[in-house]
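A, B, ... follow the sequence lines: proteins, then strands. Residue 1 opens every chain.
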Amino acid sequence: MAAIERKPGGLRLALAAACGALGVAGAPAHATEVSTGALAYAEPGRVKAFELMADGTHEFTNGNLGTFRLVFDALTGASANGAAPSRNAQTFTSPSGSSGYTAEPGETPLDTTFKDTRFAGSGGLTIPWGRLTKATVGVYGSFESDYTSLGVNGALSRDFFQRNTTITLRGSHFADSVSPMGGAPVPFSAMAAPVPGEHDDKAALEDDGGGGSESKGVTDLGVGLTQVLTRRTLLALNYTGTNVTGYQTDPYKILSVVNGTTGDPAPGTGTPELFLYENRPDKRSKHAAAAELIQNLGRDIMTLSYRWYEDDWGIKSRTTEVSYRLNFQPTRYVQPNLRWYHQGAADFYRRYLVQGAALPDFASADYRLGEMDAVSLGLKYGTKLKGGNDLTLRLEYYKQTGNHAPSDAIGSLRDLDLYPTVDAIIANVGLTFGKQ
Amino acid sequence: MDARTTRRLLPALGLLVAGMTLGGCASMGVKPWERDILARPGMTPGDDVITSSLDEHIYFSKEASTGGLGSGGGGCGCN
């Protein structure tokens, strides 16, 4: 960011005040950039989300760089609970335990009571260390009604070879706390019938066997290399290793137990169908390596990226993305982008469990752990407004498909869609102030 | 070569590749006065922080993979 003195506006003054509150005052405002964005996300008949974000950087005269980010999002709608569809109607208990919901015959069971809001904030300080090295430290916090995440992060980067090469080492640690509505269920315990009123009290449900709150730790270590290849070409290579320990089960996801011949739901004790809460391993080790190539083509810019990912839950994925920035005017562009994603299933992914068969150590029917392909197709428009601020508008379509008719499906399940397609429409607007 | 031997050789192979890459990096790139095109909008990885962060959140919520170009991260109990 160029170091140009500007008359501080309201936003800039507010940010300078915020930086002062963070203890980095004493240096006058030098250059500030704030990006804001709003996103609307909708899966027809399922989840809807709305997200607001503000991201800012503030450069001080001593060369330090302060950053902040604030995020608010609200989610509502229906989310797949993991149970298999059935040729008969099925009833489920809401997470509170006090009410129920129904899936019609042949319908994918969706938890219609899903609703959440989240606030997240982060701040960081980048300090030059000599002419070629920079150190960054930061903090992060995210708060939902049933989930809290607190994190710290740090990075060290150094330029080499006339600043044509930059190597970055980074690390972060998050301490997450999960407090599911009604308490964390005992793994593989049966979903009980709704008890109106009685289970509105969370403590009462915990007395019935609920596990209360759980915790999880996430540690990331990464290394990145950014290399200028030519006057028009830039290459970025990154590796991230992630170690997760603690509670990683989704407390709201269940599995159907079906008859091994008919495929119909097995009856539970006091319930017409038997559903068991899922259980995932409490350790996960992830490895992700990615390459991004940015090529200037004269007027336009093409970006290609590829990501390789594997973890010890057995998930392997490959992601390829291409975007083309068509600068049709000096200050205006359109940018189509296309992303392909393929993911193999987790070792313990089961679409359902069979009555009478021995329980596996771990099992989840969460479609996000199943084998899937996803395609995103988007179009972004960007322009510089009067006064120099940048405006971007983007529309994207996301489609996720899986094996909706597995060859080993049992009985009546052969005629039902066991992995329905997920479609989503995404729209977002972004406004950047003070870009140099 | 069995999987155990491969795992033992991976760090050495990684160091070798890193060394060769860095050696190669020294002969690549541009002079400081040739950075005009590289300084243009769109030529920096993660240039549009808002769009890339929003995308990352969506993919984090809908898919089982994280990390790579962005953070591996924890951060939310996304559905």
field: Residue Asn296(A) versus chain B: region with a heavy atom under 4.5 Å
entry: both

message: Does any backbone or side-chain atom of Arg284(A) lie under 4.5 Å from a heavy atom of chain B? Answer side chain, backbone, both or neither.
response: side chain

- request: Side-chain contact test, heavy atoms from C-beta onward, threshold under 4.5 Å: evaluate it for Arg232(A) versus Val30(B) and give yes or no.
  value: no

- prompt: Where does Thr230(A) contact chain B at under 4.5 Å (heavy atoms): side chain, backbone, both or neither?
  reply: backbone

statement: Honestly, the part of Ile301(A) sitting under 4.5 Å from a heavy atom of chain B is side chain

- request: Below 4.5 Å from any heavy atom of chain B, which atoms of Ser305(A) appear? Answer side chain, backbone, both or neither.
  value: side chain

message: Please classify the contact between Ala120(A) and chain B as side chain, backbone, both or neither, with a heavy-atom cut-off of under 4.5 Å.
response: neither

query: Is there a salt bridge (charged side-chain N to carboxylate O under 4.0 Å, His left out) between Arg394(A) and Asp55(B) once you walk through the steps?
result: CA-CA 11 Å; Arg394(A) 191 178 65 128; Asp55(B) 272 351; 2.9 Å; yes

query: For Gln162(A), is it the side chain, the backbone, both or neither that has a heavy atom under 4.5 Å from a heavy atom of chain B?
result: both

task: Sort out for me which of His173(A), Gln335(A), Arg69(A) touches chain B most, counting heavy-atom pairs under 4.5 Å.
output: Arg69(A)

query: Quick check: does any side chain N or O of Glu292(A) sit under 3.5 Å from a backbone N or O of Pro45(B), one acting as donor and the other as acceptor?
result: no

- request: Any chance you could measure Arg40(B), atom CZ, to Ile294(A), atom CD1, to the nearest 0.5 Å?
  value: 14.0 Å

field: Toward chain B, the part of Ile426(A) with a non-hydrogen atom under 4.5 Å
entry: side chain

task: Name the member of Gln295(A), His287(A), Arg163(A) that forms the most heavy-atom pairs with chain B at distances under 4.5 Å.
output: Arg163(A)

Segment of Asp73(A) engaging chain B (4.5 angstrom heavy-atom cut-off): side chain

- prompt: What's the verdict on salt bridge (charged side-chain N to carboxylate O under 4.0 Å, His left out) for Glu56(B) and Arg307(A), showing C-alpha distance, side-chain angles and the deciding distance?
  reply: CA-CA 13 Å; Glu56(B) 212 170 283; Arg307(A) 181 181 66 174; over 6 Å; no

task: Answer with yes or no whether the side chains of Thr319(A) and Tyr59(B) bring together a donor and an acceptor at under 3.5 Å.
output: no

- prompt: If you measure from CG on Asn428(A) to OG1 on Thr51(B), what distance do you get to the nearest 0.5 Å?
  reply: 5.0 Å

Side-chain touch Met53(A)/Ser53(B), heavy atoms, less than 4.5 angstrom: yes

- prompt: How many angstroms lie between atom OH of Tyr41(A) and atom CD1 of Ile58(B), to the nearest 0.5 angstrom?
  reply: 6.5 Å

task: Could you pull out the closest heavy-atom pair between Tyr309(A) and Ser65(B), with the gap in Å?
output: CD2-OG, 3.5 Å

- request: Check whether any side-chain N or O of Glu51(A) sits under 3.5 Å from a backbone N or O of Leu54(B) as a donor-acceptor pair, and report yes or no.
  value: no

field: NZ-CE distance between Lys62(B) and Met372(A), expressed to the nearest 0.5 angstrom
entry: 8.5 Å

query: Do Lys380(A) and Asp48(B) come within less than 4.5 Å of each other through their side chains, counting heavy atoms only?
result: yes

message: Counting only heavy atoms not in Lys316(A) (residues, nucleotides, ligands), do more than 12 fall under 6.0 Å from its NZ?
response: no

task: For Gly37(A) and Ile50(B), work out which heavy atoms get closest and say how close.
output: CA-CG2, 3.7 Å

field: Whether Arg325(A) side chain and Met43(B) backbone form a donor-acceptor pair below 3.5 Å
entry: no

query: Rounded to the nearest 0.5 Å, how far apart are CG of Asp47(B) and OG1 of Thr303(A)?
result: 9.0 Å

Non-hydrogen atoms of Arg231(A) and Ile37(B) that approach each other most closely: O-CB, 3.6 Å

- prompt: Which answer fits Glu396(A), side chain, backbone, both or neither, if we ask what part of it has an atom under 4.5 Å from a heavy atom of chain B?
  reply: side chain

